[in-house]
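The model shown is predicted, which means the values in this text are computed figures rather than measured ones.
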Amino acid sequence: MWIRLRQIAVTTADLGRTAVDIQTVLGVEPCHIDPSVGVFGLKNTLWPVGTQFLECVTPVTDDTAAGRYQNRRGGDTGYMVITEVDDVAARRVHVDDLGVRLAFEMNYPDDGIVGMQLHPADTGGAFFEMDQMTSDGAGAVGGPWWPAGKHWEPFVRTELVSGIAAAELQSPDPQRLADRWSQIAQIDLESDADGNPIIPIDNATLRFVAETDGRGEGLGGIDVTTVDRDAVLAGARARDCYVNDAQVMLAGLRVNLVDSD
């Protein structure tokens, strides 16, 4: 069984402004707008980051789950950790055994996807989504990814950043949160150089850190593999997203810059 990080979702009050921030700072190009998120009272845009994706959603109706989540976390924020897996059915049996409820289920094998969003009240931290692709080429590294549409590859730009290396979940009790995600992912915990619990998945790391910003438990940051740090930082300064030479802020998400190998 394998699991890969394919997409990070953030939610924002101003999709237009946030889109300019993301494109200027990361040098990425939008590849897809998904009209199906309208059923949740949202609109969205996706950008490929190598063969992974950054999605931004914004509420367009009152009383949406994303809007309520923004209110709880005090503004724009990380929202979902979306993974690709090889066998959703087996993982569904496992999460059912754990008593983890589904927030939403996708069962469209003829269209290219089966998947499940796990209820954040049962996972903690953020939405944890597991999707399995069912179209030609499914399962290949960098293969088809239904949430980004069928024609995302021509929009890949890797001059500034080339991938998402980690998702960082924060909590007043990061060990408890890490234990729960480890149980769900069926992967043993390890520790990073700073002593934070981590879950190593096939193409990235899920890292659990102490909450120190007063925003509570949630998806607080990501690491991006950086090809041209100077250009990223110049864009961040231009858009008022600069934090320091190792970090920028996008849509309420700490974006840590890590060097490519």
- G78 to Y69 - nearest heavy-atom pair and separation: O-CE2, 3.2 Å

- Item | Derivation of the side-chain contact (heavy atoms from CB on, under 4.5 Å) call for Q117 and I82 | CA-CA 8 Å; Q117 288 179 2; I82 303 173; over 6 Å; no

- Query: Is there side-chain contact between L118 and M116, with at least one heavy-atom pair below 4.5 Å?
  - Reply: yes

- Say you draw a straight line from CE of M1 to CG of D86; how long is it, rounded to the nearest 0.5 Å? 6.0 Å

- V20: which other cluster members, linking ILVMFWY side chains closer than 4.5 Å, directly or transitively? none

- Contact check, side chains of V161 and V232, non-hydrogen atoms, under 4.5 Å: yes

- Indicate if M80 and V255 have the same hydrophobic cluster label, given that clusters are the connected sets of ILVMFWY residues with side-chain heavy-atom separations under 4.5 angstrom. no

- L250 side chain near L26 side chain, heavy-atom distance below 4.5 Å: yes

- More than 12 heavy atoms of other residues, nucleotides or ligands under 6.0 Å from CG of N71: is that the case? yes

- Would you call L15 and K43 a side-chain contact if the rule is heavy atoms closer than 4.5 Å? yes

- Message: What verdict does the side-chain contact (heavy atoms from CB on, under 4.5 Å) test give for E129 and M106, after you've listed the backbone C-alpha separation in whole Å, the side-chain angles of each residue and the deciding distance to 0.1 Å?
- Response: CA-CA 10 Å; E129 182 171 329; M106 291 150 285; 3.4 Å; yes

- Message: Quick check: closest heavy atoms across P30 and W47, and the distance to 0.1 Å?
- Response: N-CD1, 3.2 Å

- Name of the residue among D223, I198, D192, I199 meeting side-chain contact (heavy atoms from CB on, under 4.5 Å) with T205: I198

- Message: With rounding to the nearest 0.5 angstrom, report the CG to CE distance, L253 to M249.
- Response: 8.0 Å

- Query: Can you tell me how far CD of Q70 sits from OG1 of T77, rounded to the nearest 0.5 angstrom?
  - Reply: 8.0 Å

- Query: When you look at R68 and D63, which way does the salt bridge (Lys or Arg N to Asp or Glu O under 4.0 Å) test go after all the steps?
  - Reply: CA-CA 7 Å; R68 293 192 298 272; D63 197 31; 3.0 Å; yes

- Message: When you measure from the side chain of R73 to the backbone of G216, do you find a donor-acceptor pair of N or O atoms at a distance under 3.5 Å?
- Response: yes

- Flag the pair T83 / D131 as yes when at least one side-chain heavy-atom distance between them is below 4.5 Å, and no otherwise. no

- Query: T18 pairs by side-chain hydrogen bond (donor to acceptor under 3.5 Å, both in side chains) with which of T45, T12, T11, T58?
  - Reply: T12

- Cluster question for you: counting only ILVMFWY and a side-chain heavy-atom cut-off of under 4.5 Å, with indirect links fine, are I222 and Y79 together? no

- Examine the side chains of D34 and N44 and answer whether a donor and an acceptor come within less than 3.5 Å of each other. no

- Message: Using a 3.5 Å distance criterion without hydrogens, assess whether the side chain of S162 forms a donor-acceptor pair with backbone atoms of G50.
- Response: no

- Message: Quick check on the hydrophobic clustering: are L257 and L5 connected, directly or via other members, by side-chain heavy-atom contacts under 4.5 Å?
- Response: yes

- Query: Can you check whether G75's main-chain N or O pairs, donor with acceptor, with R215's side chain at less than 3.5 Å?
  - Reply: yes

- Exercise: identify the closest heavy-atom pair between A166 and A204: N-CB, 4.3 Å

- Are L206 and V81 side-chain neighbours, meaning at least one heavy-atom pair lies under 4.5 Å? yes

Under 3.5 Å, side-chain donor or acceptor atoms of residues 172-185 against the rest of the protein: list the pairs with distances, not counting sequence neighbours.
{"residue": "D173", "atom": "OD1", "partner": "R176", "partner atom": "N", "Å": "3.2"}
{"residue": "Q175", "atom": "NE2", "partner": "D179", "partner atom": "OD1", "Å": "3.0"}
{"residue": "R176", "atom": "NH2", "partner": "S171", "partner atom": "OG", "Å": "3.4"}
{"residue": "R176", "atom": "NH2", "partner": "E217", "partner atom": "OE1", "Å": "2.5"}
{"residue": "R180", "atom": "NE", "partner": "D122", "partner atom": "O", "Å": "2.9"}
{"residue": "R180", "atom": "NH1", "partner": "Q183", "partner atom": "OE1", "Å": "2.7"}
{"residue": "R180", "atom": "NH2", "partner": "D122", "partner atom": "O", "Å": "3.3"}
{"residue": "W181", "atom": "NE1", "partner": "T123", "partner atom": "O", "Å": "3.2"}
{"residue": "W181", "atom": "NE1", "partner": "G124", "partner atom": "O", "Å": "2.9"}
{"residue": "S182", "atom": "OG", "partner": "I187", "partner atom": "O", "Å": "2.5"}

- Item | Evaluation steps, side-chain contact (heavy atoms from CB on, under 4.5 Å), between R6 and I164 | CA-CA 8 Å; R6 282 306 295 268; I164 301 172; over 6 Å; no

- In terms of heavy-atom contacts, does CG of D62 have more than 12 from other residues, nucleotides or ligands at under 6.0 Å? no

- Would you check if V100 and H119 make a side-chain contact, meaning some heavy-atom pair closer than 4.5 Å? no

Per-pair distances, 0.1 Å, donor-acceptor, side chain in residues 136-155, under 3.5 Å, sequence neighbours excluded:
{"residue": "W145", "atom": "NE1", "partner": "Q7", "partner atom": "OE1", "Å": "2.7"}
{"residue": "W146", "atom": "NE1", "partner": "D111", "partner atom": "O", "Å": "3.4"}

- Give a yes or no on whether the backbone of G112 and the side-chain of S135 come within a donor-acceptor separation of less than 3.5 Å. no

- Are any of the side-chain nitrogens in R17 or D21 under 4.0 Å away from the carboxylate oxygens of its partner? yes

- Got a salt bridge between R229 and D259, using NZ or NE/NH1/NH2 to carboxylate O under 4.0 Å? yes

- Message: Contact between D96 and L98 at the side-chain level, heavy atoms closer than 4.5 Å - yes or no?
- Response: no

- Please check if L102 and I113 belong to a single hydrophobic cluster, counting links between Ile, Leu, Val, Met, Phe, Trp and Tyr side chain heavy atoms closer than 4.5 Å. no

- Q170 side chain to G218 backbone, donor-acceptor under 3.5 Å: no

- Nearest heavy-atom pair of P109 and V114: which atoms, and what distance? CD-CG1, 4.0 Å

- Item | Intermediate values then yes/no, side-chain contact (heavy atoms from CB on, under 4.5 Å), Q132 and E84 | CA-CA 6 Å; Q132 179 182 352; E84 182 180 5; over 6 Å; no

- Heavy-atom pair of closest approach, residues I8 and A167: CD1-CB, 4.0 Å

- Item | Distance in Å, Q52 CD paired with T225 OG1, rounded so as to fall on 0.5 Å steps | 7.5 Å

- Query: Under 6.0 Å from the CG atom of D188, do we count more than 12 heavy atoms belonging to anything else shown?
  - Reply: no

- Message: Ignoring hydrogens and geometry beyond distance, is a side-chain donor-acceptor pair present between Q23 and R157 at under 3.5 Å?
- Response: no

- Ring centres of F40 and F104 under 6.0 Å apart? yes

- Note on the structure: What one should report as the nearest heavy-atom pair of T64 and G41 is CG2-O, 3.6 Å

- Hey, is the main chain of D228 close enough, under 3.5 Å, to the side chain of T226 for a donor-acceptor pair? no

- Same apolar cluster (I L V M F W Y, side chains within < 4.5 Å links), V57/V10: no

- Message: Can you tell me how far apart CG (N203) and OG1 (T51) are? Round to the nearest 0.5 Å.
- Response: 7.0 Å

- About how many Å separate CD1 of I22 and SG of C241, when rounded to the nearest 0.5 Å? 9.0 Å

